[in-house]
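Atoms considered below: every heavy atom in the structure, side chains included; atoms not considered: hydrogens, waters and symmetry mates. None of the values given here were measured: they were computed from a predicted structure.
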Amino acid sequence: MLDVLNSSHGRRAVVKNGLVLAGAMAVPSAVSASLQKLTQGQLVPQSQPPLPSPRPFAAPRTSSKVVRPELLRRALASLDRQGSRVRRDRVAIADFAAPSAQPRFHLIDLEGGQSKSFLVSHGSGSDPRHTGWLQRFSNQEGSNASSEGAFLTSSYYTGKHGHSQRLIGLDPTNDQALQRAIVVHSAWYANASMLRTHGMLGRSQGCFAVGESELAEVFRRMGEGRMIYAAKV
C-alpha cells in the first residue's frame, strides 16, 4: 500500500511541475517582468573576491639570437640594481657592438618573452670617421657621443626633432643625459632606406634616433618609467 501511495505522489509531482513549466513557457513576459524587478544594487556582489597573487619575476625567454647572452646578462643585472626606480615588465637593450646597419635596438617583453628589434643610430662623436661602428662612449657635454649604461625613459615632448622622449641617466657613465638632451627621437638618417644608399645609418648627436615610421611603435612598446640599457660588449 505504501508503494502505491508513493507512486501516486510521484505522478502528481511530475504533473504539477509540468503544468508550472508549461505556464512559464506560455507567459515568458511574466518571467521577464520578474527579472526586471532586480535592481543594480542586487546584482553587485556584497564583497570583493580575493585578488590573485602577483606573478614572480621570471627570466625572459628571449633567444640568444636576439640578444647576445653576455649583453642580456648585464642588462638584467642592471635592471636588478635599479630596483623599484624602473618598471620591470619590459626593457630595451641597445647593442652598440653591432654596426648601425643591423637592427640592434631590442625591445623585450620580459613577461611574455616576445621581442622586436629596430635600427638605431649612434652619436657622431662615437664614430668620428663615420664607419657605421661605434668606437667610443662619452658622457661629456658637447661630445656628440653616445653614452653607455642604464637610462630611465621619462616624459614626452615636441622639439626640434619632433615627438621625442626624455631620458634620465642612471649610471655615472651617463648621468649627464638629461642635461645633454640625450633623448629618443626619429630621424630621416635612421630610416632603413639609408642602408640601400649608404650601407649604414647616419649619426645623431648622441641620441637614440630610430626610423621615422618606427617611432610610434617604439614609444608604444616602451612607455615611461622603463629602462634602456646601452653597451658595447
Side-chain angles (χ1 to χ4, degrees), residues 62-63 65-68 71-72 75 90-109 114-139 142-169 174 177-178 180-233:
T62 303
S63 169
K65 294 181 180 179
V66 177
V67 182
R68 290 176 293 104
L71 178 59
L72 181 60
R90 300 174 200 164
V91 67
I93 301 177
D95 184 358
F96 282 131
S100 65
Q102 294 182 8
R104 55 182 179 172
F105 193 49
H106 310 293
L107 274 61
I108 304 168
D109 180 343
Q114 298 85 16
S115 66
K116 186 166 184 179
S117 302
F118 300 85
L119 294 170
V120 68
S121 293
H122 54 248
S124 60
S126 291
D127 180 14
R129 292 180 295 157
H130 200 182
T131 64
W133 297 81
L134 181 143
Q135 307 294 329
R136 67 183 185 92
F137 291 110
S138 177
N139 193 31
S143 67
N144 290 339
S146 299
S147 298
E148 66 178 326
F151 299 81
L152 175 68
T153 59
S154 186
S155 57
Y156 298 99
Y157 70 100
T158 301
K160 65 178 181 179
H161 297 293
H163 201 33
S164 307
Q165 185 174 29
R166 295 181 177 90
L167 299 176
I168 299 172
N174 65 357
L178 196 60
R180 293 179 60 205
I182 302 302
V183 303
V184 179
H185 65 78
S186 65
W188 61 269
Y189 56 77
N191 291 335
S193 58
M194 290 291 294
L195 304 183
R196 294 192 293 270
T197 57
H198 295 83
M200 67 186 77
L201 300 184
R203 299 164 297 171
S204 70
Q205 293 180 309
C207 295
F208 297 87
V210 300
E212 293 170 305
S213 64
E214 297 182 323
L215 183 67
E217 185 174 4
V218 169
F219 282 171
R220 179 179 61 80
R221 287 175 177 264
M222 283 303 300
E224 297 182 32
R226 295 188 173 93
M227 190 186 82
I228 297 176
Y229 184 75
K232 181 180 180 180
V233 178

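Applying the ring pair (Phe, Tyr, Trp, His ring centres under 6.0 Å) rule to H130 yields no partners; only residues at least two apart in sequence or on another chain are considered. Remark: R220 pairs with E217 by the salt bridge (charged side-chain N to carboxylate O under 4.0 Å, His left out) rule, at least two apart or across chains. Scanning for salt bridge (charged side-chain N to carboxylate O under 4.0 Å, His left out) contacts around D127 gives an empty result, with sequence neighbours left out.
A donor-acceptor pair under 3.5 Å is absent between the side-chain atoms of N139 and the main chain of S147, judged by distance alone. The closest donor-acceptor contact from the side chain of S164 to the backbone of T158 lies at 3.5 Å or more, if one exists at all. With R68 contributing its side chain and D95 its backbone, the two residues share no donor-acceptor pair below 3.5 Å. With hydrogens and angles disregarded, a donor-acceptor distance shorter than 3.5 Å links the side chain of Q165 to the backbone of S154. Side-chain atoms of S186 do not come within 3.5 Å of backbone N or O of G211 as any donor-acceptor pair. Between the side chain of N174 and the backbone N or O of A150, at least one donor-acceptor pair lies under 3.5 Å. Looking at S100, its side chain never comes within 3.5 Å of a backbone N or O of S121 through a donor-acceptor pair.
For the pair Y189 and S204, the minimum side-chain heavy-atom distance is below 4.5 Å. Two residues are said to be in side-chain contact when any heavy atoms from C-beta on lie closer than 4.5 Å; L107 and R90 fail this criterion. Here the side chains of V210 and L119 are not in contact, with every heavy-atom distance at 4.5 Å or above. Side-chain contact between R104 and H122 is present, with at least one heavy-atom pair separated by less than 4.5 Å. Using a 4.5 Å heavy-atom cutoff, the side chains of F208 and L167 are in contact. The shortest side-chain heavy-atom distance between M200 and W133 does not fall under the 4.5 Å cut-off. Between V184 and F219, the closest side-chain pair of non-hydrogen atoms falls below 4.5 Å. No side-chain heavy atom of F96 sits under 4.5 Å from any side-chain heavy atom of E148.
We find the CZ-SG distance between R180 and C207 to be 8.5 Å, quoted to the nearest 0.5 Å. Atom-to-atom distance recorded for S155:OG and E224:CD is 6.0 Å, nearest 0.5 angstrom. Of the inter-residue distances, the one linking S143 atom OG with F137 atom CZ reads 11.5 Å to the nearest 0.5 angstrom. How far CG of N144 is from CD1 of I182: 8.0 Å, rounded to the nearest 0.5 Å. A distance of 13.0 Å separates CZ in R226 from CD1 in I108, rounded to the nearest 0.5 Å. I228 CD1 to L152 CG: the interatomic distance, rounded to the nearest 0.5 Å, is 9.0 Å.
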Can you check side-chain contact (heavy atoms from CB on, under 4.5 Å) on R221 and F118, steps first, answer last? CA-CA 12 Å; R221 287 175 177 264; F118 300 85; 4.3 Å; yes

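The minimum heavy-atom distance linking A209 with A190 is given by the pair O-CB, 3.5 Å. Considering every non-hydrogen atom in both R166 and Y156, the closest pair reads NH1-O, 3.8 Å. Summarising the geometry of A75 relative to I93, their closest heavy-atom pair is CB-CD1, 3.5 Å, with the distance given to 0.1 Å.
Remark: the R203 side chain and the S126 side chain contain no N/O donor-acceptor pair separated by less than 3.5 Å.
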